[in-house]
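Lettering of chains follows the sequences in order, A, B, ..., and the numbering in each one begins at 1.
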There are 2 protein chains.
Amino acid sequence: MLSEAERRCAERQVRLTPQRRRVLEVIADRHGAIGAYEIIARLGEGRSRPAPISVYRALDFLMAQGLVHRLASLNAFIACSGPDRAHGAQFLICRGCGVIGELNDASVEAAIGRAAAAAGFAVAAPLVEVTGLCRSCRTSDAPA
Amino acid sequence: MLSEAERRCAERQVRLTPQRRRVLEVIADRHGAIGAYEIIARLGEGRSRPAPISVYRALDFLMAQGLVHRLASLNAFIACSGPDRAHGAQFLICRGCGVIGELNDASVEAAIGRAAAAAGFAVAAPLVEVTGLCRSCRTSDAPA
DNA sequence: GCCCCACCTGTTACACTATAACATAGCGAA
DNA sequence: TTCGCTATGTTATAGTGTAACAGGTGGGGC
């Protein structure tokens with residue numbers, strides 16, 4: 001995953017600096033969403049804690065490269081599961097266990113494109129965040 | 001719109017108190033998105049300015065009744081255009097002029113439902129926020 | 001009438017999220 | 001070397017949202 005990120009940055013002639021790389025590592029370590037200030041805390045464990053702005057700048061870079069997504073409804077960030085193919089951001093957020101699934105369904109994006117076009121709207125960044133229950137939380141909650 | 005809201009609250013036996021009603025009025029006055037702290041400022045123009053928590057509580061109520069939606073990507077709120085029929089939240093956000101369009105397209109919701117079901121996920125609250133350019137901003141930007 | 005309960009609101013303080021403005025440092029090319 | 005671009009550091013502050021507890025209001029049952 002990290003090597004894929006490096007390959008991609010080299011290809012685009014952008015710099016995956018040590019600091020940006022550390023931020024990406026912290027996000028990827030967590031298999032799920034992580035808040036900006038928790039990233040800051042994790043980075044500050046050994047060395048000196050970076051200022052918020054430093055981490056936000058790294059996050060801006062990583063998002064621009066499509067390596068990280070922002071979950072607007074959670075104010076949190078998550079590593080992109082399949083950074084190789086371009087895609088909009090579609091997420092399934094389980095309100096039971098908090099697990100995040102990346103959806104990236106072409107038919108959803110197509111339906112959004114059609115509906116938007118019918119309104120004369122040119123889509124730039126479609127954002128889909130679906131709250132609900134994942135398979136395992138659903139079965140355990142079922143008898144309610 | 002306000003009378004529709006009153007009707008709906010009466011039907012459900014919930015109270016659209018003066019304070020909640022004022023918050024709804026402020027949101028509806030603005031034909032677009034408005035931030036929580038701007039609502040506070042508007043409410044504080046004549047009388048004494050309410051505490052943030054008061055406004056957030058009113059917003060929670062209005063959202064629970066489906067009279068107001070939250071735009072997660074903007075940290076802002078907007079009056080629901082068609083509160084009579086139940087629907088998820090789907091918005092078109094123009095990054096040119098800032099105008100917000102409510103989409104509420106059944107095929108988008110259906111596509112999300114299908115894709116989520118394929119992942120074993122039970123949808124509770126689908127959120128769609130599409131950034132792009134509205135018809136008029138698109139034509140004026142075109143020659144670029 | 002009176003009490004009780006449920007709901008709504010007020011008050012104070014605080015936590016969390018994000019950016020502005022300006023200074024410094026590294027790195028490559030002319 | 002010097003310039004220009006990008007990345008980072010430093011300090012301060014703006015913006016968004018909640019916690020915890022107290023007080024007030026209104027309606028139903030006795």
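By the 4.0 Å N-to-carboxylate-O rule, A:Glu4 lies too far from A:Arg8 to be salt-bridged with it.
In this structure, CD of B:Gln13 is placed 10 Å from P of D:dG28, rounded to the nearest angstrom. Between B:Met63 atom CE and D:dT16 atom P there is a gap of 14 Å when expressed in whole angstrom units. In this structure, A:Ile40 atom CD1 and D:dG9 atom C1' are separated by 14 Å, rounded to whole Å. Across the protein-nucleic acid pair, B:Leu59 atom CG and D:dT16 atom C1' stand 12 Å apart, rounded to whole Å. The separation between A:Arg49 atom CZ and D:dT10 atom P is 14 Å, rounded to whole Å. Across the protein-nucleic acid pair, B:Leu71 atom CG and D:dT16 atom P stand 13 Å apart, rounded to whole Å. Put simply, CG on B:Leu16 is 15 Å from C1' on C:dC7, counting in whole angstrom units.
For the residue pair A:Ala72 and A:Leu127, the shortest heavy atom distance occurs at CB-CD2, 4.2 Å. In this structure, A:Gly96 and A:Leu133 approach most closely via the heavy-atom pair N-CD2, 3.8 Å.
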Base, backbone or nothing for each nucleotide of nucleotides 17-30 of chain C, written B, S, -, heavy atoms under 4.0 angstrom, 5' to 3'?
BBBB----------
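Between the side chain of B:Gln90 and the backbone N or O of B:Asp105 there is at least one donor-acceptor pair closer than 3.5 Å. Looking only at distances, no side-chain donor or acceptor of B:Arg49 sits under 3.5 Å from a matching main-chain atom of B:Leu43.
Taking the ring centroids of A:Phe91 and A:His69, they lie under the 6.0 Å cut-off.
Projected onto DNA chain C by closest heavy-atom contact, B:Ala51 and B:Val14 fall at different nucleotides, the more 5' of which corresponds to B:Val14.
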